[in-house]
Each structure stands twice: as structure tokens, then as C-alpha cells.
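This report refers to the structure that appears directly beneath it.
Count residues from 1 along the sequence. Both backbone and side-chain heavy atoms feed into the values below; hydrogens, waters and symmetry mates do not.
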Amino acid sequence: MPLVFNPNYNKLAVFRQEHQGVNVPGDGFFADVSRKDLQNIIDNTRNSLKKKRTLEPHGNANGATVAQAAALLKAADSRENGRITVVWGIHQDTVNQARGGGLKNYQHFTVLAADGVTNWHLYVDSQMKTITYLTPARGTEVRVENV
């Protein structure tokens, strides 16, 4: 399994300590998603990119950002030899544009890229089956778009 898990990836007290300026609600902050399910989200997303979806830049993203996102997903795929660290489990609703239009709440998990520096936020669909968009920085998004 290429996903490696930070020992504190779903510990609320540690999250609060590292995000002191953020309002962090109590119990239920981290979604009850297993390590295997997180791996399946990555694998399902890669499978869909082979068949019916593409990675598209939005905001400040460009072709290089899209290539970095593709490399991140490949390194995190269970069929590959990469190793990506899950820093935080699925948490925190964020409002963004839905694939079919309109606005929607998304939750995300945070991974550390292979460079050991860049944290990417991977936003998941409401069924927690695939990634809808990835972002390495505010205003920089790579969306998983339907073809």
C-alpha cells in the first residue's frame, strides 16, 4: 500500500494544536474512513482517469501543476511503487463548484507529496469514492473533470 499514515493522521487534539487559528469542532471532525477506504479513493480516481475523466487546471494552476497532481496520484496508487504520506484523514467541509454545476460541500484529506514539502488537499465526492479536485495552495486547483 503506497499510502503511509502519519501516526496522528486522525487525532483531533494534535490537529487542534497544529491549526490554532481554525475553529475545529469536537467529536466527528474526522470522518470514519478506514485506511483501506482512503487507498480505494486514490485507486478509484486513477481508474476513472483512464476511462472517463481528465485532470484540468483551475485558478492559478497550470500544466506543471496538473503534471504534479498526476504524479502524486500515481505515487499514491496501490499498484505503483510510490510512497505518499497521509497527514490528516478526511475532515472539514469546504464549499466549491460541483462537477454538474452549482455549489456543494466537500471534505478532504491531506497528503504530503514525495518532495517532502508540499501538502496537497484531496477533496472527495459525497460518497467518498473518488477525488473531485486537488489543491497544493489556496487558489490553485486541479479538477478531476468528466470528459
Side-chain angles (χ1 to χ4, degrees), residues 1-6 8-12 15 18-19 21-25 27-147:
M1 184 186 274
L3 289 179
V4 177
F5 291 82
N6 178 312
N8 296 317
Y9 85 101
N10 62 354
K11 302 259 190 316
L12 184 58
F15 187 91
E18 292 190 19
H19 296 81
V22 177
N23 178 22
V24 180
D27 293 340
F29 179 69
F30 286 106
D32 187 20
V33 177
S34 71
R35 293 175 180 210
K36 183 176 187 246
D37 288 340
L38 284 174
Q39 183 67 65
N40 285 339
I41 290 169
I42 299 284
D43 294 350
N44 289 341
T45 302
R46 290 265 342 271
N47 288 342
S48 75
L49 287 170
K50 293 175 186 172
K51 299 176 187 172
K52 58 189 175 199
R53 296 203 170 117
T54 60
L55 294 175
E56 299 293 333
H58 285 269
N60 296 325
N62 56 31
T65 315
V66 171
Q68 291 167 354
L72 176 83
L73 291 172
K74 181 177 180 181
D77 191 305
S78 66
R79 297 158 290 204
E80 301 291 339
N81 291 323
R83 290 181 64 82
I84 299 296
T85 302
V86 175
V87 180
W88 300 113
I90 292 181
H91 64 284
Q92 194 172 7
D93 281 343
T94 302
V95 176
N96 204 336
Q97 186 175 352
R99 279 189 187 129
L103 295 177
K104 188 174 179 180
N105 282 343
Y106 289 97
Q107 291 190 313
H108 70 279
F109 61 106
T110 307
V111 299
L112 180 62
D115 66 9
V117 176
T118 309
N119 278 327
W120 282 76
H121 298 262
L122 283 58
Y123 291 82
V124 298
D125 65 356
S126 57
Q127 293 89 27
M128 295 191 192
K129 299 290 183 198
T130 64
I131 295 165
T132 57
Y133 68 99
L134 307 84
T135 177
R138 205 176 289 281
T140 304
E141 290 180 11
V142 176
R143 294 188 185 167
V144 180
E145 299 279 8
N146 291 333
V147 175

- Can you name the one residue among Asn10, Val87, Val86 that meets side chain to side chain contact (heavy atoms under 4.5 Å, CB included) with Phe5? Val86
- Indicate yes or no for a side-chain donor-acceptor contact from Asp125 to the backbone of Met128 under 3.5 Å, with no hydrogens or angles considered. yes
- Check step by step if side-chain contact (heavy atoms from CB on, under 4.5 Å) holds for Asn44 and Ile41. CA-CA 5 Å; Asn44 289 341; Ile41 290 169; 5.7 Å; no
- Task: Could you tell me the separation between the OG atom of Ser78 and the CG atom of Leu3, rounded to the nearest 0.5 Å?
- Result: 8.5 Å
- Does Gln39 use its side chain to pair, donor to acceptor, with the backbone of Ala76 at less than 3.5 Å? yes
- Message: I want to check something: taking the side chain as every heavy atom from C-beta on, are Pro57 and Asn62 in contact at a cut-off of under 4.5 Å?
- Response: no
- Got Arg46 and Glu80 here, is their nearest side-chain heavy-atom distance under 4.5 Å? yes
- Task: Apply side-chain contact (heavy atoms from CB on, under 4.5 Å) to Tyr9 and Phe109, showing your working.
- Result: CA-CA 9 Å; Tyr9 85 101; Phe109 61 106; over 6 Å; no
- Verdict with reasoning, Thr85 to Val111, per side-chain contact (heavy atoms from CB on, under 4.5 Å): CA-CA 5 Å; Thr85 302; Val111 299; over 6 Å; no
- Just one of Thr110, Thr135, Ile42 clears the side chain to side chain contact (heavy atoms under 4.5 Å, CB included) bar with Leu122, so which one? Ile42
- Note on the structure: For His19 and Trp88, the nearest pair of non-hydrogen atoms, with its separation, is CE1-NE1, 3.6 Å
- Task: Specify the closest pair of heavy atoms between Val66 and Glu56, including all atoms of both residues, with the distance to one decimal.
- Result: CG2-C, 4.2 Å
- Message: For Ala113, give me all partners under side-chain contact (heavy atoms from CB on, under 4.5 Å), at least two apart in sequence or on another chain.
- Response: Leu72, Asp115, Thr118, Trp120
- Answer yes or no: is there a donor N or O on one side and an acceptor on the other, between the side chain of Asn146 and the main chain of Lys52, under 3.5 Å? no
- Check whether any side-chain N or O of Thr45 sits under 3.5 Å from a backbone N or O of Thr130 as a donor-acceptor pair, and report yes or no. no
- Message: Between Glu145 and His58, is there a side-chain donor-acceptor contact under 3.5 Å, judged purely by atom types and distance?
- Response: yes
- Message: With heavy-atom distances below 4.5 Å as the criterion, would you say the side chains of Gln107 and His91 are in contact?
- Response: no
- Aromatic plane relationship, Tyr123 with His108 - under 30° parallel, 30 to 60° tilted, over 60° perpendicular: tilted
- Over all atoms of both residues, closest heavy-atom pair of Ile84 and Ala114: CD1-N, 3.8 Å
- Given the rule in the side-chain contact (heavy atoms from CB on, under 4.5 Å) test, do Tyr133 and Tyr106 qualify, once you have shown the distances and angles that lead to the verdict? CA-CA 10 Å; Tyr133 68 99; Tyr106 289 97; 4.0 Å; yes
